[in-house]
Q: 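First the structure, then my questions, so here it is.
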2 protein chains.
Amino acid sequence: MTKTVDPSADRPARAADRIRASASELFYREGIRAVGVDEVVERAGVTKPSLYRSFASKDDLAAAYMRDYEANFWEKFEKPGGKSYSDAREHVLAYIRILSSNAVAEGYRGCGLSNATVEYPSRDNPARQVAGAHKKLFRKRLRELAALMGARQPAVLGDALLLLIEGIYSTGQQSEDGPAQSALAVAKLLIDASVAKR
Amino acid sequence: MTKTVDPSADRPARAADRIRASASELFYREGIRAVGVDEVVERAGVTKPSLYRSFASKDDLAAAYMRDYEANFWEKFEKPGGKSYSDAREHVLAYIRILSSNAVAEGYRGCGLSNATVEYPSRDNPARQVAGAHKKLFRKRLRELAALMGARQPAVLGDALLLLIEGIYSTGQQSEDGPAQSALAVAKLLIDASVAKR
DNA sequence: GTGTATACGTACCGGTCAGTAACATTGTCA
DNA sequence: TGACAATGTTACTGACCGGTACGTATACAC
C-alpha cells in the first residue's frame with residue numbers, strides 16, 4: 001500500500017478518471033476508431049502524456065472503456081429502473097421495457113460492447129476480448145433467468161431473449177422508428193410460449 | 001507480349017469492377033474504417049487514381065459497397081439456397097436456417113449494412129443512408145411475409161423476425177458458440193405463437 | 001499517319017494519427 | 001522545508017491516410 005486514502009472529501013478527479021469518462025462518452029457516441037486520442041484528452045481537460053501514463057495504448061484505453069461499460073451494464077440489467085425484481089419474468093420484461101424505450105430515442109447507439117466487436121473483428125483485440133467474455137456471461141445469466149421462469153427449454157428461451165435484445169441494440173441505432181417498438185410484445189410472446197402451461 | 005487484345009475472351013475486368021470487388025471483400029471482412037484505399041487498390045491490382053476516377057471519395061466507394069451488398073442480400077433472401085418458396089413460413093424459415101448455420105461458422109462477420117451503421121453513426125454518411133433505406137425495406141418485406149403467414153398481428157411478427165435476424169447477425173460475429181444455434185427453433189416458436197390457430 | 005478519347009500508372013501532397021522525450025509545475029505530507 | 005508523486009507544457013516522430021497533378025499507353029476515326 002502506498003499511503004492513506006482520503007478520509008472524507010471527494011478527490012479533485014484524477015486525470016485517469018477524467019480520461020476514462022471522456023473516452024467512455026466519445027467512444028460510445030462516435031465509435032472507437034472514429035475518435036482520436038487527442039480528442040479524448042481535450043475533452044477530459046488533460047494532456048496526452050497523462051493518458052499514456054495511465055494507459056499503455058489506445059487499445060488499452062478501449063479495453064478500460066469496455067470494462068467500465070460492462071460494470072454499468074450489469075447495474076442497469078440487474079436493477080432495471082433502479083428496482084430489484086424477485087420474479088424472473090418481471091425482471092427481464094422490465095429491462096426490455098426500458099431498453100426498447102431508450103432504443104427508439106434519437107441518438108441511440110446500441111450496446112458499446114457489441115459495437116466494439118463490429119469495429120474490431122480481430123479476435124486478439126483487447127477491447128473485443130472483454131466484450132466477448134461479457135457476452136458469454138450475459139448468455140449464461142439469461143439462461144438462468146429463463147430457467148427461473150420455468151421454461152420448458154431454458155437454453156432456448158435464454159437464447160431467444162439474447163437474440164431479441166441484441167436485435168434491439170442493433171435496430172435501435174438504425175432508425176428511431178424501428179422494430180424495437182414491438183420488442184416488449186415480442187418478449188412476452190416468447191416467454192409465454194416457452195413456459196410450461198399448467 | 002504486352003499487346004494482343006484477345007477478341008473472343010471476356011474483357012480484362014475493368015478497374016472499377018475490380019475495385020468494387022476488392023472493396024466489398026475487404027470492407028466486409030475488416031470493416032470500412034479499418035481498410036485504407038491503398039489496400040483496396042493493391043488487392044484489386046490497380047492504382048489509386050483509377051479508384052478516384054470511378055468514385056468521388058472513399059465514402060462514395062463505401063456507398064457503392066453498400067449497394068452491391070444489398071443487391072446480393074436480396075438474392076439470398078428471396079431465394080434461400082437458390083430455391084423459390086411459395087409458402088411464406090417455409091420461405092422465412094429457410095432463410096433463417098441457412099443464415100444461422102453460416103452465423104456459427106468461423107470468421108462470420110454479420111450483416112455488412114448493419115455493421116456500417118455501427119461504424120458511421122452520423123446520419124448523413126452516404127453508406128449509412130443506403131443501409132438505412134435497406135433496413136426500412138427489409139422491415140416492410142418481413143411484415144408482408146408475416147401477413148402471408150396469417151399472423152394475427154403481422155406488424156408484430158414481422159418486427160419479431162427482424163429483431164431475431166438482426167440478433168443473429170450481431171451475436172454470430174461475437175462467438176462461434178452463440179445463441180444463433182437456437183435461432184431456427186426460436187423462429188418457429190415465434191411464428192407458431194403468432195399465427196391464428198384454427 | 002495524326003488527332004482524339006479512353007483507360008491507366010508514377011510520384012507526390014498536406015494532414016492526421018498514435019505515441020514519446022525532456023522538462024517545468026504543483027500539491028501533499030512528513 | 002524538503003521530497004515525492006502527479007500532472008502540465010512543448011515539441012517532436014514516423015507511419016499512414018485520403019486525395020491529386022500530371023504523364024503515358026492503347027484504340028479507333030479520318
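All chains are named by letter (A, B, ...) in the order of the sequence lines, taking the proteins before the strands, and each is independently numbered beginning at 1. Just so we're clear, the structure is a prediction, and the values are computed from it rather than from any experiment. Worth knowing before you read on, the calculation uses all heavy atoms, side chains too, and leaves out hydrogens, waters and symmetry mates.
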Q: Starting from P on dT16(C), measure out to CG on Asp38(B) and report it in whole angstrom.
A: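 Spelled out: CG on Asp38(B) to P on dT16(C) is 18 Å.
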
Q: Generate the contact string for nucleotides 8-15 of chain C. Rules: B means base contact, S means sugar-phosphate contact only, - means no protein heavy atom under 4.0 Å.
A: BBB-----

Q: Would you be so kind as to tabulate the donor-acceptor pairs closer than 3.5 Å made by side chains of residues 27-44 of chain A, with sequence neighbours excluded?
A:
unit_1   : atom_1 : unit_2    : atom_2 : d
Tyr28(A) : OH     : Gly110(A) : N      : 3.4
Tyr28(A) : OH     : Gly110(A) : O      : 2.6
Arg29(A) : NH1    : Glu25(A)  : OE2    : 3.2
Arg33(A) : NH1    : Glu119(A) : O      : 2.5
Arg43(A) : NH1    : Glu25(A)  : OE1    : 3.2
Arg43(A) : NH1    : Glu25(A)  : OE2    : 3.4
Arg43(A) : NH2    : Glu25(A)  : OE2    : 3.2

Q: Name every residue in residues 26-34 of chain A that has at least one heavy atom under 4.0 Å from any atom of DNA chain D, in order of residue number, or write none if there are no such residues.
A: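 The stretch gives none, as no residue of it lies under 4.0 Å from the strand.
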
Q: Only pairs at least two apart or in different chains count here, so list each salt bridge (charged side-chain N to carboxylate O under 4.0 Å, His left out) that has a residue in residues 165-190 of chain A.
A: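 Every salt bridge (charged side-chain N to carboxylate O under 4.0 Å, His left out) pair that includes a residue of residues 165-190 of chain A, provided the two are not neighbours, is Lys135(A)-Glu166(A), Glu176(A)-Arg123(B).
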
Q: Applying a 4.0 Å non-hydrogen cut-off, can you work out what Val35(A) is touching in the nucleic acid: base, sugar-phosphate, or nothing?
A: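 The answer is sugar-phosphate, as Val35(A) gets under 4.0 Å only of primed atoms, P, OP1 or OP2.
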
Q: Give every residue pair that meets the side-chain hydrogen bond (donor to acceptor under 3.5 Å, both in side chains) criterion with at least one member in residues 93-103 of chain B, sequence neighbours excluded.
A: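 Found Tyr95(B)-Tyr169(B).
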
Q: Got a sec, which pairs hit ring pair (Phe, Tyr, Trp, His ring centres under 6.0 Å) with one end in residues 39-61 of chain A, sequence neighbours left out?
A: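 Every candidate ring pair (Phe, Tyr, Trp, His ring centres under 6.0 Å) pair involving residues 39-61 of chain A fails, so no pair, neighbours aside, qualifies.
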
Q: Kindly give the cluster partners of Val118(A), where membership spreads through any ILVMFWY side chain lying under 4.5 Å from a current member.
A: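 The other cluster members (ILVMFWY side chains, heavy atoms under 4.5 Å, direct or chained) are Val118(B).
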
Q: After noting the C-alpha distance and the side-chain angles of His134(B) and Tyr69(B), does the key distance pass the ring pair (Phe, Tyr, Trp, His ring centres under 6.0 Å) rule?
A: CA-CA 10 Å; His134(B) 166 77; Tyr69(B) 192 97; 8.1 Å; no

Q: Quick one: side-chain hydrogen bond (donor to acceptor under 3.5 Å, both in side chains) pairs with a partner in residues 136-151 of chain A, sequence neighbours left out?
A: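 Output for this query lists Glu78(A)-Arg141(A), Arg139(A)-Asp159(A), Arg139(A)-Gln181(B), Arg141(A)-Glu144(A), Arg143(A)-Asp159(A).
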
Q: With sequence neighbours left out, which residue pairs that include part of residues 98-118 of chain B fulfil the salt bridge (charged side-chain N to carboxylate O under 4.0 Å, His left out) condition?
A: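 Qualifying pairs, neighbours excluded: none.
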
Q: Can you tell me how far P of dA21(D) sits from OH of Tyr52(B), to the nearest Å?
A: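 Between P of dA21(D) and OH of Tyr52(B): 13 Å.
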
